[in-house]
*Asks:* 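One structure, pasted below without further comment.
By convention in this document, chain letters (A, B, ...) are assigned in the order of the sequence lines, proteins followed by strands, and residues within each chain are numbered from 1.
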2 protein chains.
Amino acid sequence: MANIKEIARMAGVSVTTVSRVLNNHPYVSKDKRDAVLQTIEQLDYTRNMNAVHLITGRTGAVAVILPYIHAFYFSIIMNGLAHEALLSQYRLILCQSNYLEEEEIKVLEMLRHKEIDGVVIVSTALKPEIIEEYTAYGPIITCQDSGERRYSSVYIEHYAAFKQGLEYLTGKGYRSIGYCEGRRNGSSAVIRQTAYREFIAEHQLAFEEEWMIYDCTTEEDGAAAALSLLKMSQRPEAMIITGDHVAAGLIIEARRSGLSIPGDLAVMGFDNQPIGRLLQITTMDNHLYEMGAAAFRIIHEQIHSERPEPVYRKLDYRIIERSTV
Amino acid sequence: MANIKEIARMAGVSVTTVSRVLNNHPYVSKDKRDAVLQTIEQLDYTRNMNAVHLITGRTGAVAVILPYIHAFYFSIIMNGLAHEALLSQYRLILCQSNYLEEEEIKVLEMLRHKEIDGVVIVSTALKPEIIEEYTAYGPIITCQDSGERRYSSVYIEHYAAFKQGLEYLTGKGYRSIGYCEGRRNGSSAVIRQTAYREFIAEHQLAFEEEWMIYDCTTEEDGAAAALSLLKMSQRPEAMIITGDHVAAGLIIEARRSGLSIPGDLAVMGFDNQPIGRLLQITTMDNHLYEMGAAAFRIIHEQIHSERPEPVYRKLDYRIIERSTV
DNA sequence: TTGTAAGCGTTATCAT
DNA sequence: ATGATAACGCTTACAA
């Protein structure tokens, strides 16, 4: 395959001139530029970008770490990231980690190996200390609140958002509230559970340990939760459920079993996913798209600044009132 | 940041020896190897992979082109790809194209620029001729049947599969069948519509133009389809719907409106997605996961062979009988 | 406006 | 078993 030297020789110019044409530098006469362009066309030449990356020290690529691409929560954030990356002519390299530290480390190692210019961590199993180590090799941003670390973050205050959701339910008069939690190891799940238990205690609400249902991540988990709810001697008046798709599964199964919603059971979802609109689920909009977009904008800026300072951006949230509460 | 030269100097060996240690070559004495290893540790050294890519002419990365990551159809294929890529220690670069030719070309250009070793095209808006041009720069495989071209393919016979679905419905006694089609431009949609219309004609089934519903890609589209079905003066006895999530939307909305399924309306889905199991939707399993896995295995083999020949692999399919037909 | 030559950080070749 | 040295294909001082 042709290289820059060959183009230079055939066009009767130096490699520098060819490089200038390639990079749209000024100070190239029209004659030479045309000659170069024509030769390039003729030989079907393109640059070997590996050589460019080597000499420039940049790759124009950013990696994104997330556990599952097929989870709505993450795909919405991903859309935000992708949109901004496109605007900046950047490439996104996706890493579906399944929360495997090993996979996540691999991506951070890519940063170290100079294969990418930065890393966006949407959700991780990694300890903040580990991430912090890698900031030495390039900019990193997380979509989780990890305190004011040496890397940036765009995040939702899960604690406050969850409490607001609970307040909304008690405001509607519900005095016993169950909770379908998402992935047990998920960083947000831990926070939300704390918010939940504290809220229950503060407001002296009724509570049974079986109202706390763990590891609900799919429609089927929601359906299973509905079934176990039905078998309880004491059932909560309301359920708060992270993920509208899980809420959807619960609602469908509960209705199939003859429960009226919100009459017999109120359901509040989280994350404002498309299925939620279909089933008219009352939910919490976490602005996930904007989260992705902001994350990319920040890391892009950091890639291009000399000594970037970490940025901490807190996103807001709001309840979407529909008809399941 | 430290480079190989520095390591060599500090360890008191040549760069060649360092390189040998780095690549686990034989013929390095234990003494020197240990010295090198220790220096590497000490300086926190890693290779600049751009230099490696440049000299070796390989990158260990394969790009995947698909229109939408959040569509179940594609995410299942993606899972198959990802699993195999992991086994082969390959990196996957994801391109969400939205069926924009421009975006897809960008990826093919990466192949030309030597930034990736191969391309897996899951679904594309590109003409086969264009893809064929790029085979000059490296192996390409599609997950669509495009005839026996200069690039490989793993594909489902959408025509035959769709007809089998229709036969299943007529076998159950339904004599009027409507069809919710997926994305209008989707390559499979075109094929399936042909199969549909031909089947209707061959079997002299009842048919109204309004039973053919276009561009159904989401749960909400399915719900909307249910609503328009309800308004028809003549309603089909059965619906065949590409995508179980679309079928789910239709079923939920239809039942909400008092329709019994399959009593008043039989529904057959396609693609065997998780939601289909929850709602007990009778569907067609297209082996999408296996499709992704096979695609990667083939391209991986081609990357490592001198003069690769195109491979054409046809996948089978089967009906999963549940309770909506 | 143009060209020469020195890198970038590796691996490959070919000695010894 | 080890090491010079030449690639790989490009950008960028620096000189003219």
Side-chain angles (χ1 to χ4, degrees), chain A residues 1-37 39-40 43-61 109-117 137-138 304, chain B residues 1-37 39-40 43-61 109-117 137-138 304:
Chain A
M1 196 126 307
N3 61 24
I4 202 175
K5 224 168 183 169
E6 203 170 330
I7 301 295
R9 193 172 47 71
M10 289 202 52
V13 300
S14 70
V15 292
T16 311
T17 300
V18 177
S19 176
R20 286 193 179 110
V21 172
L22 253 23
N23 295 287
N24 289 311
H25 281 251
Y27 305 127
V28 182
S29 67
K30 192 175 177 336
D31 281 3
K32 303 227 172 195
R33 165 165 275 123
D34 289 346
V36 168
L37 253 21
T39 314
I40 286 175
L43 295 198
D44 188 29
Y45 165 82
T46 37
R47 282 181 288 189
N48 181 322
M49 294 309 288
N50 296 129
V52 177
H53 296 163
L54 174 57
I55 191 100
T56 61
R58 287 237 183 96
T59 64
E109 284 293 323
M110 283 176 64
L111 183 64
R112 196 160 162 236
H113 292 164
K114 310 237 174 260
E115 298 182 276
I116 49 180
D117 297 347
Y137 310 117
H304 293 88
Chain B
M1 198 127 304
N3 61 23
I4 201 175
K5 224 168 182 167
E6 203 170 332
I7 302 295
R9 191 172 47 71
M10 287 202 54
V13 300
S14 71
V15 292
T16 312
T17 300
V18 178
S19 178
R20 285 194 178 107
V21 172
L22 252 21
N23 295 284
N24 288 312
H25 282 262
Y27 304 128
V28 182
S29 66
K30 192 176 179 332
D31 282 4
K32 304 227 172 195
R33 163 165 277 122
D34 289 347
V36 168
L37 254 20
T39 313
I40 285 175
L43 296 198
D44 187 30
Y45 165 81
T46 37
R47 284 183 288 189
N48 180 324
M49 293 309 288
N50 296 128
V52 178
H53 297 161
L54 174 59
I55 192 93
T56 60
R58 287 235 184 96
T59 64
E109 285 292 324
M110 283 175 65
L111 183 63
R112 198 160 161 237
H113 292 164
K114 310 238 175 260
E115 298 181 275
I116 49 181
D117 296 348
Y137 311 116
H304 292 88

*Asks:* Could you give me the CA-CA distance, side-chain angles and deciding distance for B/Thr17 and B/Ser14, then say whether side-chain hydrogen bond (donor to acceptor under 3.5 Å, both in side chains) is met?
*Replies:* CA-CA 5 Å; B/Thr17 300; B/Ser14 71; 3.3 Å; yes
*Asks:* OP1 or OP2 of D/dG3 sitting under 4.0 Å from any side-chain N/O of B/Thr17?
*Replies:*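 Result: yes.
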*Asks:* Using the side-chain heavy atoms of B/Asn23, tell me which of these nucleotides is nearest: C/dA5, C/dT10, C/dT11.
*Replies:*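 It is C/dT11.
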*Asks:* Given D/dA4, C/dT11, D/dC10, identify the nucleotide with an atom nearest to the side chain of A/Tyr45.
*Replies:*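 Of the options given, the side chain of A/Tyr45 lies nearest D/dC10.
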*Asks:* Is the shortest side-chain N/O distance from B/Ser19 to OP1 or OP2 of C/dT11 below 4.0 Å?
*Replies:*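 Result: yes.
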*Asks:* First locate atom CD1 of A/Ile116, then atom CZ of A/Arg58, and finally report the distance between them rounded to the nearest 0.5 Å.
*Replies:*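 The CZ atom of A/Arg58 is 14.0 Å from CD1 of A/Ile116, to the nearest 0.5 Å.
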*Asks:* Nearest-Å distance, NE2 (A/His25) to C1' (D/dC10)?
*Replies:*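 Those two atoms, NE2 and C1', are 12 Å apart.
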*Asks:* So, for B/Thr59 and B/Glu115, which heavy atoms are closest and what is the spacing to 0.1 Å?
*Replies:*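 Between these two residues, the closest heavy atoms are OG1-O, 3.3 Å.
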*Asks:* Give the rounded distance in Å between these two atoms: CG of B/Asn48 and P of C/dG9.
*Replies:*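 Value for this atom pair: 7 Å.
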*Asks:* On a plain distance test, is the side chain of A/Thr16 in donor-acceptor contact with the base of C/dT4 below 3.5 Å?
*Replies:*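 For A/Thr16, whose side chain was compared with the base of C/dT4, there is a donor-acceptor pair (under 3.5 Å).
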*Asks:* Looking only at heavy atoms, which two atoms of A/Glu109 and B/Thr46 are closest? And how far apart?
*Replies:*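 For A/Glu109 versus B/Thr46, the nearest heavy atoms are OE1-CG2, 4.1 Å.
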*Asks:* Let me know the distance between CZ of A/Arg58 and P of D/dT12, rounded to the nearest Å.
*Replies:*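 Atom CZ in A/Arg58 sits about 11 Å away from atom P in D/dT12.
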*Asks:* Let me spell it out: for each of B/Arg20 and B/Thr56, pick the nucleotide of DNA chain C with the closest heavy atom. Which residue's pick is nearer the 5' end?
*Replies:*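 In this pair, the answer is B/Thr56.
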*Asks:* Identify the two heavy atoms, one from B/Ile40 and one from B/Ile7, that lie closest to each other, and give their separation to 0.1 Å.
*Replies:*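 Residues B/Ile40 and B/Ile7, closest heavy atoms: CG1-CG2, 3.9 Å.
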*Asks:* To the nearest 0.5 angstrom, please state how far the CG atom of B/Leu22 sits from the OH atom of B/Tyr45.
*Replies:*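 Answer for the CG-OH pair, B/Leu22 versus B/Tyr45, is 5.0 Å.
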*Asks:* A/Leu54 has a side chain; which of C/dT4, C/dC8, D/dT5 sits nearest to it?
*Replies:*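 Of C/dT4, C/dC8, D/dT5, C/dC8 is nearest to the side chain of A/Leu54.
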*Asks:* Counting distance only, does the side-chain N/O of B/Thr56 pair as donor-acceptor with the main-chain N or O of B/Val52 below 3.5 Å?
*Replies:*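 The answer is yes, because a donor-acceptor pair under 3.5 Å joins these two groups.
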*Asks:* Enumerate the residues from residues 26-36 of chain A whose closest heavy atom to DNA chain C is under 4.0 Å, giving them by residue number; use none for an empty result.
*Replies:*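 A/Tyr27, A/Val28, A/Ser29, A/Lys32, in order of number.
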*Asks:* Quick check for you: among C/dT10, C/dC8, C/dG3, whose closest atom lies nearest to any side-chain atom of B/Ile55?
*Replies:*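 Closest nucleotide to the B/Ile55 side chain: C/dT10.
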*Asks:* Looking only at side-chain atoms of A/Val13, point me to the closest of C/dG3, D/dC10, C/dT10.
*Replies:*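 Taking heavy atoms from C-beta onward, the closest nucleotide is C/dG3.
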*Asks:* Looking at B/Asn50, does any N or O in its side chain come under 4.0 Å of the phosphate oxygens OP1/OP2 on C/dC8?
*Replies:*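 For C/dC8, neither OP1 nor OP2 has a side-chain N or O of B/Asn50 closer than 4.0 Å.
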*Asks:* How many whole angstroms separate atom NZ of B/Lys5 from atom P of D/dT5?
*Replies:*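 In whole Å, D/dT5 P and B/Lys5 NZ are 12 Å from each other.
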*Asks:* Compute the angle between the rotation axes at the two ends of the helix from C/dT1-D/dA16 to C/dT16-D/dA1, each taken over five pairs, rounded to 10 degrees.
*Replies:*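 That helix gives 30° between its end axes.
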*Asks:* Measure the distance from CG on B/Leu43 to C1' on C/dG9 and round it to the nearest whole Å.
*Replies:*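 In whole Å, C/dG9 C1' lies 15 Å from B/Leu43 CG.
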*Asks:* Which value, rounded to the nearest 0.5 Å, describes the distance between A/Arg112 atom CZ and B/Met49 atom CE?
*Replies:*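 It is 12.5 Å, given to the nearest 0.5 Å.
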*Asks:* Counting just side-chain N and O atoms, does B/Asn3 come under 4.0 Å of either OP1 or OP2 of C/dC8?
*Replies:*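 False: B/Asn3 side-chain N/O out of range (4.0 Å or more) of C/dC8 OP1/OP2.
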*Asks:* Between A/Asn48 (side chain) and A/Asn50 (backbone), is there a donor-acceptor pair under 3.5 Å?
*Replies:*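 Such a contact is found between A/Asn48 side chain and A/Asn50 backbone.
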*Asks:* Which value, rounded to the nearest 0.5 Å, describes the distance between A/His113 atom NE2 and B/Arg47 atom CZ?
*Replies:*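 Reported to 0.5 Å precision, the distance equals 7.0 Å.
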